[in-house]
Participant: 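Supplied in C-alpha cells, the structure appears directly below.
Values below: every heavy atom of this structure, side chains too, minus hydrogens, waters and symmetry copies. Order of the sequence lines fixes the chain letters, A, B, ..., with proteins taken first and strands second; residue numbering starts at 1 for each chain. Computed from a prediction, not measured in an experiment: that's the story for all the values here.
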There are 2 protein chains.
Amino acid sequence: MNAPVTITQTRADEAFDCLQTAIVKGELAPGEKIGELDLCERFNLTRGPVREALGRLESRGLLVRRPHAGVRVVSVSAAELLELYRIREVMEGLAARQAAERMTDQEIADLQATLDSHETMIEEARGQAYYQAEGDYDFHHRIATGSRNTKLAQMLLGDLYYMVRMYRYRLSTSSGRPHRALGEHRRIVEAIAQRDGELAEFLMKRHINAARQNIERKIEQGEISF
Amino acid sequence: MNAPVTITQTRADEAFDCLQTAIVKGELAPGEKIGELDLCERFNLTRGPVREALGRLESRGLLVRRPHAGVRVVSVSAAELLELYRIREVMEGLAARQAAERMTDQEIADLQATLDSHETMIEEARGQAYYQAEGDYDFHHRIATGSRNTKLAQMLLGDLYYMVRMYRYRLSTSSGRPHRALGEHRRIVEAIAQRDGELAEFLMKRHINAARQNIERKIEQGEISF
DNA sequence: ATTTCTTGGATTGTTGACAATATGAAAGGA
DNA sequence: TCCTTTCATATTGTCAACAATCCAAGAAAT
C-alpha cells in the first residue's frame with residue numbers, strides 16, 4: 001500500500017519557491033526593498049515561514065539583508081554578471097567532462113531528442129526569446145545533472161542558474177545567436193556521445209565564453225540598463 | 001562621537017556561527033541527528049533563531065532536513081569528497097588566474113610573508129597537522145579574495161571550504177606532504193607576482209589535483225573511515 | 001538655509017504557546 | 001517467531017503577541 005508519497009511541502013518551502021520565482025521573473029526588481037508583511041499578504045502566509053525563506057534566499061546570495069533594516073533583492077552589476085559567466089565557464093566545463101564519462105546512453109539519447117525539439121521551437125517561435133532561453137536552460141540543466149557530481153549540480157542548479165535567469169528577462173538574445181547556440185549544443189552532445197570528456201569540456205567552455213562575449217557586446221552598445 | 005560600531009549580531013547570526021563551527025570542528029558528527037531543543041540548550045538560544053540558522057545551513061548543504069523528522073549533519077561519502085576536490089580544482093584555478101590579474105602588489109607581498117610564517121610553522125610544529133591545515137586554509141582564502149570575483153569568493157569561502165574543513169580533522173596530512181605543498185604554494189605565488197595568470201591557474205589546478213590524489217591514496221589504504 | 005538633535009511610527013527580531021506529524025513501542029494476528 | 005497495525009509520545013512546523021531597533025519627519029540652533 002503506497003502511502004500517498006507525502007509531498008508534505010512545508011509552508012517555508014512554499015514561501016521559498018514563491019519568492020524565488022518572483023525574484024527570477026523580475027516581479028521583485030533588483031534593489032527593491034521588500035517588507036515582510038507585504039510578502040505575507042502577497043502569498044497568504046505568516047511571518048514565520050516567510051522569514052525562514054528569506055534566510056535561505058539570503059544565504060544563497062539572492063537577497064541582501066541588513067539587521068532591522070529590511071531585505072533587498074540583490075542587484076548584480078554588469079561587471080558581476082560577466083564574472084558569473086567566468087565561473088560558469090569552468091564549472092560547466094567540468095560538468096560536461098564528467099557528463100561525457102558518466103551519462104547513460106539513455107540520457108544521451110534523451111538529450112539529443114531535446115535538442116531536436118529545441119530546433120523546432122526556434123523555427124516556430126521566431127523571436128520568442130523566452131522559450132529559447134528555457135530550452136537553453138534545459139540543456140545546461142541536464143548536463144549538470146548528468147555529471148553525477150552532487151555538489152556540482154547543486155551549486156549550478158541551486159545558485160548560479162537562478163542568478164543568471166534573473167537577467168534572462170532583460171537580455172533578449174540577439175537575433176543570430178539562438179541558431180549558433182543550438183549548433184554549439186549539438187557539437188557538445190556529439191562529444192559526450194563519443195565519450196570524449198576533454199573535447200566536451202573544451203566545447204562547453206567555448207560555448208559559455210561566446211555567450212559572455214555576446215552579453216559584453218550588448219553592454220558596450222548600451223542595450224542593457226543596470 | 002563614534003557610536004559603538006553596533007555589532008548588532010542578531011541571535012540568528014550567533015546561532016549560525018555556533019552551529020557552523022560546531023559542525024566543522026566535528027563536535028556534531030556527520031550523520032548525527034540533532035534536535036532543535038538540544039541546540040537551544042547548548043547555545044542558550046530560543047528555537048526561532050536556531051530554526052533560521054538551520055535553514056541557512058541546510059541551503060548551504062551542510063545539513064540535510066526532512067520535514068517533521070529532524071535535521072542531520074550531512075555525511076559526505078569518500079566518493080563525494082573526491083568530487084569536491086574536482087570542483088575545487090577548476091574554481092580555484094580560476095581564482096588563481098584572476099588573482100594574478102587583480103591582486104595589488106601589497107596583497108602579493110603579504111601573501112609571500114604569510115608563506116614565510118607557514119614555513120617556520122611547519123618546522124617548529126612538526127606534526128601539528130592542525131596548524132598546518134590552518135595555514136593552508138589561509139593561503140587559499142587569500143587567493144579566493146584576491147580574485148576580486150565576489151561570487152567566486154562567496155562560493156569558495158561560504159560553501160566549499162567549510163565542507164572540506166569538516167574532513168580536515170580526520171585527514172591528517174601525510175608526513176612528506178606539507179613541505180611539498182608549501183613548495184607548490186611558493187610557485188603559485190611566484191606566478192601571481194609575475195602576473196602570469198595562465199601559469200598560476202595551471203599550477204593551482206595541479207596543486208589541488210595532487211592533494212586529491214593524496215586523499216585517494218589514503219582511502220585506498222584504508223586509513224580513513226567513513 | 002543648513003545642520004543637528006529629538007521623537008513618533010513602522011518594521012524587524014524574538015519569544016512562548018499551539019497544532020501537525022513522524023518515530024518507536026506495545027498489542028494483536030498469522 | 002515474525003509481521004502488521006495501533007497508539008502514545010516527543011519533536012517539528014506554525015502562529016500571534018511582545019520587545020528592540022532603525023528611519024524619517026519635524027523642531028531647534030547656528
Participant: Please tabulate the protein-to-nucleotide N/O contacts below 3.5 Å involving nucleotides 6-12 of chain D, giving atom names and distances.
Facilitator:
{"from": "D/dT12", "atom 1": "OP1", "to": "B/Glu36", "atom 2": "N", "distance (Å)": "3.4"}
{"from": "D/dT12", "atom 1": "OP2", "to": "B/Glu36", "atom 2": "N", "distance (Å)": "3.3"}
{"from": "D/dT12", "atom 1": "O3'", "to": "B/His68", "atom 2": "N", "distance (Å)": "3.4"}

Participant: Would you say A/Thr10 reaches D/dT14's phosphate, i.e. side-chain N/O to OP1/OP2 under 4.0 Å?
Facilitator: yes
Participant: In this structure, how many angstroms lie between the P atom of C/dT14 and the CD atom of B/Glu14, rounded?
Facilitator: 9 Å
Participant: Whole angstroms only, please: what is the CG-P distance between A/Leu39 and C/dT11?
Facilitator: 12 Å
Participant: Donor-acceptor check, side chain of B/Arg56 to backbone of A/Ser59, threshold 3.5 angstrom: yes or no?
Facilitator: no
Participant: Taking salt bridge (Lys or Arg N to Asp or Glu O under 4.0 Å) as the test, write out the residues that go with A/Glu27, two or more places apart.
Facilitator: A/Arg42
Participant: Rounded to whole angstrom units, what separation is found between the CZ atom of B/Arg11 and the P atom of D/dA19?
Facilitator: 15 Å
Participant: For A/Tyr161, which residues count as a ring pair (Phe, Tyr, Trp, His ring centres under 6.0 Å) partner, sequence neighbours excluded?
Facilitator: A/Tyr137
Participant: With sequence neighbours excluded, tell me which residues meet salt bridge (Lys or Arg N to Asp or Glu O under 4.0 Å) with B/Glu107.
Facilitator: B/Arg148
Participant: Could I get the full list of ring pair (Phe, Tyr, Trp, His ring centres under 6.0 Å) partners for B/Tyr162, not counting sequence neighbours?
Facilitator: none
Participant: Let me know the distance between CD of A/Gln9 and P of D/dG13, rounded to the nearest Å.
Facilitator: 13 Å
Participant: Which salt bridge (Lys or Arg N to Asp or Glu O under 4.0 Å) pairs, counting each pair once, include a residue from residues 89-100 of chain B, with sequence neighbours left out?
Facilitator: B/Arg88-B/Glu92, B/Arg97-B/Glu201
